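Just below is one structure, and these are the notes that go with it.
Only this structure's heavy atoms are used, side chains among them; waters, hydrogens and symmetry mates stay out. As the structure is a computational prediction, the values presented were derived from the model and not from experiment.
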Amino acid sequence: MEEDTDHNYYTSKAYGPTDPMSQDLWVNIDQMDKEKVKIHGILSNTHRQAARVNLSFDFPFYGHLLREITVATGGFIYTGDVVHRMLTATQFIAPLMANFDPSVSRNSTVIYFDNGTALVVQWDHVHLQDSFHLGSFTFQATLHNDGRIVFAYKEIPIPISQISSVNHPVKVGLSDAFVVVHRIQQIPNVRRRTIYEYHRVDLLKSRIISSSAVEMLPLPTCLQFTSCSSCISSQINFNCSWCQRLGRCSSGFDRHRQDWVDNSCPDEVRVLVCGSVISLTVCGQDQEKKRDIALHLQVSRASPVESTSNKNSSSLHTGLILGVLMLMLIMAAVVLVTLYIYHHPISTAGLFFIERRPRRWPAMKFRRGSGHPAYAEVEPIGQEKEGFIESEQC
């Protein structure tokens with residue numbers, strides 16, 4: 001067994017072929033209740049298709065409870081609420097995302113099984129569309145009601161590094177994102193959705209071989225705290241804040257990001273005291289009392305600041321030099337901030353500017369020709385309509 005790897009939201013454990021846990025983590029669907037095992041007929045005979053599957057339990061994913069997921073032929077599960085054509089970009093659970101095409105072989109099937117506490121999705125004897133001669137792959141992903149995620153691999157004929165990513169991304173891991181809706185001022189009543197990935201787990205592809213397995217255990221998140229006191233006193237990897245308006249605990253980086261920003265969360269008082277910013281969170285207090293506290297403290301300390309500024313402006317020559325120096329410092333700061341935001345687009349500063357000027361900063365805007373393969377959604381089960389429908393593109 002490999003050592004635990006901390007990914008902030010999850011810890012992962014990798015098991016090799018000789019480790020008994022690899023066999024224990026593999027779910028033998030042939031021994032399960034036949035009535036609960038479902039072979040998806042359309043996914044087993046098509047390429048780049050996805051179908052929604054309802055869960056019989058709440059599945060925690062990055063702290064969010066899911067009751068529906070979308071299984072894709074390309075070896076991954078999409079977990080987003082908005083189904084678009086570029087499912088491979090983010091919000092996925094990928095035991096082995098690649099250009100698999102179940103339609104090229106009669107032995108290829110996509111199977112899923114829900115026993116009430118776990119969902120198993122198995123890609124059985126699937127082939128790569130552009131490399132059929134390399135052999136078949138058999139692997140599965142298991143989603144547990146406690147948030148655990150297991151990737152188990154029965155048959156991996158070649159090293160993952162040798163799978164081509166020209167026509168389809170090759171990924172192993174997890175990803176989540178939040179959706180922000182932007183209003184287009186030039187076009188009334190039209191909004192554009194932009195998806196921002198805030199976290200990803202990339203597992204080492206070199207460890208993915210036949211008879212291996214990876215187990216991912218969820219770590220605590222701010223979303224699990226349901227009261228102000230438990231939220232602000234939490235001792236976890238995230239800086240949790242409580243929003244009184246929403247009645248929600250969050251770090252600001254989750255699927256509720258837009259609600260968090262639109263409601264001016266978190267509910268904090270920021271007071272300038274002795275040149276430093278102190279953040280005070282008062283559980284159960286209304287906004288007016290907090291504003292009164294902030295105003296009182298700021299006014300009582302305004303005089304020293306004003307007197308200092310008067311002393312510094314006594315000399316016109318000195319003021320001019322200071323002004324030039326300040327201008328140079330501001331320009332240097334702007335350059336440094338721009339470079340930082342460019343290389344850290346999901347930082348607090350990056351998100352501040354991204355959400356206000358979405359066209360100027362890196363974001364996952366799914367458009368035609370973006371490099372991500374297009375997936376179509378299968379008609380919901382129970383409808384006899386032939387063919388497929390394409391979901392709305394962001």
Side-chain angles (χ1 to χ4, degrees), residues 2-15 25 27 50 53 55 57-84 86-98 100 112 118-123 139-153 156 160 163 165 168-179 195-208 212-224 236-238 251 253-257 345-346 364 372 375:
E2 300 289 343
E3 294 183 358
D4 293 4
T5 303
D6 190 341
H7 307 283
N8 293 329
Y9 289 87
Y10 290 87
T11 58
S12 64
K13 298 179 181 179
Y15 302 94
L25 293 174
V27 179
V53 175
L55 304 177
F57 56 90
D58 290 328
F59 170 62
F61 184 65
Y62 280 89
H64 303 89
L65 298 181
L66 307 182
R67 289 303 292 262
E68 183 182 76
I69 50 94
T70 302
V71 178
T73 56
F76 67 98
I77 298 170
Y78 174 70
T79 62
D81 298 326
V82 181
V83 179
H84 47 77
M86 312 305 175
L87 302 185
T88 60
T90 184
Q91 292 186 307
F92 57 74
I93 298 172
L96 180 52
M97 180 190 295
F100 293 113
Y112 62 95
L119 172 76
V120 181
V121 180
Q122 180 170 316
W123 292 263
F139 55 93
Q140 61 185 209
T142 304
L143 316 182
H144 295 270
N145 61 356
D146 60 359
R148 287 185 301 126
I149 301 173
V150 175
F151 296 161
Y153 306 90
I156 306 295
I160 305 301
I163 300 178
S165 59
H168 194 290
V170 179
K171 303 177 182 179
V172 179
L174 310 175
S175 170
D176 200 25
F178 56 82
V179 180
I195 300 182
Y196 300 92
E197 182 182 66
Y198 67 87
H199 190 262
R200 175 180 295 189
V201 176
D202 289 318
L203 300 178
L204 289 178
K205 298 181 178 67
S206 59
R207 297 176 180 173
I208 308 306
S212 65
V214 178
E215 183 179 26
M216 282 165 284
L217 307 176
L219 295 174
T221 65
C222 298
L223 294 174
Q224 73 184 50
I236 60 176
N237 291 335
F238 305 100
S251 64
F253 295 91
D254 54 50
R255 297 190 180 190
H256 306 299
R257 171 71 181 181
I346 62 171
M364 293 187 176
H372 295 281
Y375 273 77

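- One distance of note links CD1 of Ile160 with CD1 of Ile208; it measures 6.5 Å at 0.5 Å rounding.
- Of all the heavy atoms in Val172 and Lys205, the pair that sits closest is CG2-CG, 4.3 Å.
- For the pair Asp58/Arg67, a side-chain contact is recorded, criterion being any heavy-atom separation below 4.5 Å from C-beta on.
- Annotation: Phe238 is in aromatic contact with Tyr9 [ring centroid separation under 6.0 Å].
- Here the options are Ile93, Val214, Val201, the test is side chain to side chain contact (heavy atoms under 4.5 Å, CB included), and the partner is Ile149; only Ile93 passes.
- Side-chain contact check for Glu68 versus Asp81: every heavy-atom pair is 4.5 Å or farther apart.
- In this structure, the separation between CG on Asn8 and CZ on Arg200 is 15.0 Å, given to the nearest 0.5 Å.
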ring-ring contact (aromatic ring centres under 6.0 Å, His included) assessment of Tyr62 paired with His199: CA-CA 9 Å; Tyr62 280 89; His199 190 262; 5.5 Å; yes
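- The closest side-chain heavy-atom distance from Pro60 to Asp146 is not below 4.5 Å.
- A donor-acceptor pair under 3.5 Å is absent between the side-chain atoms of Trp123 and the main chain of Phe100, judged by distance alone.
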Steps toward side chain to side chain contact (heavy atoms under 4.5 Å, CB included) verdict (Phe151, Leu174): CA-CA 11 Å; Phe151 296 161; Leu174 310 175; 4.1 Å; yes
Audit row: Lys13, Leu217, side chain to side chain contact (heavy atoms under 4.5 Å, CB included) steps and yes/no: CA-CA 8 Å; Lys13 298 179 181 179; Leu217 307 176; 4.2 Å; yes
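- In this structure, OG in Ser175 is found 8.5 Å from CE in Met97, a value given to the nearest 0.5 Å.
- Under the 30°/60° scheme for interplanar angles, the aromatic rings of Phe59 and Phe57 are found to stand perpendicular.
- A heavy-atom distance below 4.5 Å is found between the side chains of Glu215 and Arg148.
- Under a 3.5 Å cut-off, the side chain of Glu197 and the backbone N or O of Asp176 do not form any donor-acceptor pair.
- Between Gln91 and Tyr78, the shortest heavy-atom contact is O-CD1, 3.2 Å.
- Applying the side chain to side chain donor-acceptor pair (under 3.5 Å) test to His168 and every residue at least two apart in sequence or in another chain returns Tyr375.
- Closest heavy-atom contact between Phe92 and Thr79: N-OG1, 4.1 Å.
- Residues His144 and Val150 approach most closely at NE2-CG2, 4.1 Å, considering heavy atoms.
- The shortest side-chain heavy-atom distance between Leu119 and Thr142 does not fall under the 4.5 Å cut-off.
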CA sep, side-chain torsions, deciding dist, call: Leu96, Ile156, side chain to side chain contact (heavy atoms under 4.5 Å, CB included): CA-CA 10 Å; Leu96 180 52; Ile156 306 295; 4.1 Å; yes
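- Legend: residues meeting side chain to side chain donor-acceptor pair (under 3.5 Å) with Tyr153, ordered by chain and number and at least two apart, are absent.
- Heavy atoms only, all atoms of each residue included: Pro95 and Ala141 are closest at CG-CB, 3.9 Å.
- With a 4.5 Å cut-off on side-chain heavy atoms, Asn237 and Leu219 count as touching.
- The OH atom of Tyr112 lies 10.5 Å from the CG atom of Leu55; values are rounded to the nearest 0.5 Å.
- Listed for the His64 side chain is a donor-acceptor partner under 3.5 Å among the backbone atoms of Arg255.
- Scanning all heavy atoms of the two residues, the minimum distance from Cys222 to Ile236 falls at N-CD1, 3.8 Å.
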Test salt bridge (Lys or Arg N to Asp or Glu O under 4.0 Å) applied to Asp202 and Lys171, step by step: CA-CA 7 Å; Asp202 289 318; Lys171 303 177 182 179; over 6 Å; no
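- Residue Phe178 holds its CZ atom at 5.5 Å from CZ of Arg257, rounded to the nearest 0.5 Å.
- Between the side chains of Asp254 and Tyr198, no donor-acceptor pair of N or O atoms lies under 3.5 Å.
- Residues forming a side-chain contact (heavy atoms from CB on, under 4.5 Å) with Gln224 (at least two apart in sequence, or on another chain): Pro220.
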Steps toward side chain to side chain contact (heavy atoms under 4.5 Å, CB included) verdict (His7, Thr5): CA-CA 6 Å; His7 307 283; Thr5 303; 3.4 Å; yes
